[in-house]
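Quick notes on the structure that follows.
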Amino acid sequence: MATLGELERSVMDVLWDSTDALTAGDIRDDLAHGNAAGVGKELAVTTVLTVLSRLEAKNFVTRERDSRPHLFSASTSRAAHMAELMHEVLGAAPDREAVLARFVGQVSPREADALRRILAGK
Amino acid sequence: MTITWVALAALAFALAWPVPILLARAAWPARAPGMALVVWQAIALTGGLSMIGALLSYGLEPFGANLVDGLRSLSGSLFAGSLPRGSQFSQMFALSGAILLGIHLLLNLATTFVRAERSRRRHHQLVTLLSTPMPERPDTRLLDHEAPVAYCLPGTTRSMTVLSAGLIAILDEDQLRAVIAHERAHADQRHHLVLLAFRAWRGSLPWFPIATRADEAVAILVEMLADDQARRVVSDDTLARSIAIVASESPDATVATALTPDGSSTLAADGASASRRIARLVDEVKPLGLPARMVAVAAAVALVLVPTFLLLSPAIPA
């Protein structure tokens, strides 16, 4: 059984991979056929709509209310979200250390060079 | 009350300047990072307490012989709207300073926690959408990105460890276990709470170099503590090697050069945390003995108790 988070991810994957805006039914069909995990097998359209509403509330999805049924598209590309994430991880964003602890924090070029030499020497 | 405020001011000064500098330079914290962390927390707590306490007890001098009497008489005077005979402007300034400083520190702590929680949630959402769970490792997720990074994202109920594809590509199985054990230690020991508290302190006192120094010292100590947990799972050599590999492949090294041509950006002024962690593992630094640990804990406890005693003890003569 897929968790809500995994469902959201599958739905976003469909939207990110699609060039057009999709209806909830399109997304359900895509999930049922497409991925190997079989997340969408027994999904009802209402479930997909619930997931879409959650994603819309978090500003990941844009809904076109003029069309019937509503059309959904990703509000930002996967690459842009990845860039935002890595920006935070690599410490360019304020407050990041408070939120997450990287295995190795910031490394100066000089330190990286020194370590590279030591590793090569061993 | 004169003795009280003079003693508290002296303590506040000692904890604001010589004591943290000595501790930051000392070698023993690397041998007992947990103890050192306790001592840093005691210094921060007592430093703040004695700073506010000194201002408060100086300001309350005209109101009463001790803190309790002083506060009681102060509230009476506030209602009456007039000051007791012999009170000086400097004392009123000190009193206002104590109240403002106290509010400032508490508000800053609260806003730091709220802001961190908000960005943690946002980050959690992004990670959920952009990474895939690693089936063979619980609470570990794989991020499809070439930069070699590993980090722990604390959660209210469950924390997650995030590994990038770039990291998995450069580490072998044992080294990967070292990284994961290190990150799980951060989550299990709730290190982010300590880091947040020191970050808040640094944020509320930006003109106070010691707060910055303490924040940096604590950040390294927390890494050493997590390293010590990882050493239980893998050999010291494996752990040292994985730190060296990840650090030498670190994307910061290129980021920093990109930011400033001479490579001397703020990123570079980190105090070589990775090298210090590696040196500690390679040189087989022995953990501090039990007596020395006891002394450290006793010192920390005494540090917190002294200003509390000075402030609350009504027996101290005026």
Side-chain angles (χ1 to χ4, degrees), chain A residues 2-13 15-16 35 37 54-55 57-61 74 76 78-122, chain B residues 112 115-116 119-120 123 125-133 143-145 147 149-154 162 167 179 182-183 186 191-192 195-196 199-200 219 222-223 226 241-257 263 265 267-270 272-275 277-278:
Chain A
T3 64
L4 205 51
E6 297 313 305
L7 271 179
E8 290 182 357
R9 187 164 56 86
S10 314
V11 168
M12 282 314 291
D13 280 342
L15 288 174
W16 276 326
N35 60 51
R54 284 174 56 93
L55 288 167
K58 297 176 194 170
N59 285 325
F60 287 112
V61 160
T76 317
R78 190 201 312 249
H81 279 308
M82 186 62 99
E84 182 192 343
L85 183 91
M86 290 311 285
H87 187 72
E88 273 176 38
V89 172
L90 295 182
D95 283 342
R96 86 283 166 191
E97 273 155 321
V99 174
L100 50 93
R102 264 164 78 196
F103 178 59
V104 172
Q106 288 156 349
V107 180
S108 69
R110 197 177 305 142
E111 189 182 9
D113 267 350
L115 289 173
R116 226 171 278 137
R117 272 198 297 278
I118 293 170
L119 282 170
K122 270 196 181 168
Chain B
T112 305
R115 265 212 316 267
S119 73
R120 189 195 64 77
H123 195 94
Q125 284 166 1
L126 282 174
V127 169
T128 310
L129 294 183
L130 292 167
S131 68
T132 46
L143 197 62
D144 190 16
H145 198 279
V149 291
Y151 61 93
C152 161
L153 186 65
V162 183
L167 182 96
V179 173
H182 174 105
E183 295 307 328
H186 280 316
H191 287 161
H192 63 286
L195 289 174
L196 259 186
R199 179 53 43 88
V222 158
E223 294 306 323
R241 205 162 260 278
S242 43
I243 298 171
I245 294 173
V246 177
S248 65
E249 299 289 327
S250 167
D252 298 325
T254 42
V255 171
T257 341
S265 71
L267 290 181
D270 186 42
S273 140
S275 307
R277 283 165 61 195
I278 295 168

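Only this structure's heavy atoms are used, side chains among them; waters, hydrogens and symmetry mates stay out. Below, chains carry the letters A, B, ... as their sequence lines are ordered, and counting in each starts from 1.
Proximity to chain A (any heavy atom under 4.5 Å) is shown, for S242(B), by both the backbone and the side chain. Residue contact with chain A, scored on non-hydrogen atoms closer than 4.5 Å, involves the backbone and the side chain of V179(B) alike. Residue contact with chain B, scored on non-hydrogen atoms closer than 4.5 Å, involves the side chain of M12(A) exclusively.
The distance from atom CD1 of I245(B) to atom CZ of R116(A), rounded to the nearest 0.5 Å, is 12.5 Å. One distance of note links OG of S248(B) with CD of E111(A); it measures 10.0 Å at 0.5 Å rounding. Atom-to-atom distance recorded for W16(A):CH2 and L129(B):CG is 5.0 Å, nearest 0.5 angstrom. How far NE2 of H123(B) is from CD of E88(A): 5.5 Å, rounded to the nearest 0.5 Å. Put simply, CG on L130(B) and CZ on R9(A) are 9.5 Å apart, with the number rounded to the nearest 0.5 Å. With rounding to the nearest 0.5 Å, the separation of CG in L119(A) from CD in E249(B) is 9.0 Å.
Of all the heavy atoms in A112(A) and A247(B), the pair that sits closest is CB-O, 3.9 Å.
If you tally non-hydrogen atom pairs under 4.5 Å between each of V127(B), V222(B), I278(B), L143(B) and chain A, the highest count goes to L143(B).
Within the 4.5 Å cutoff, the side chain of L126(B) has heavy atoms near those of the E84(A) side chain. Within the 4.5 Å cutoff, no side-chain heavy atoms of E223(B) are placed close to those of V104(A).
With sequence neighbours left out, the salt bridge (Lys or Arg N to Asp or Glu O under 4.0 Å) criterion links R78(A) to D13(A), D17(A).
A donor-acceptor contact shorter than 3.5 Å links the side chain of E183(B) to the backbone of F103(A).
Around the CG atom of D144(B), the shell of radius 6.0 Å holds no more than 12 heavy atoms that belong to other residues, nucleotides or ligands.
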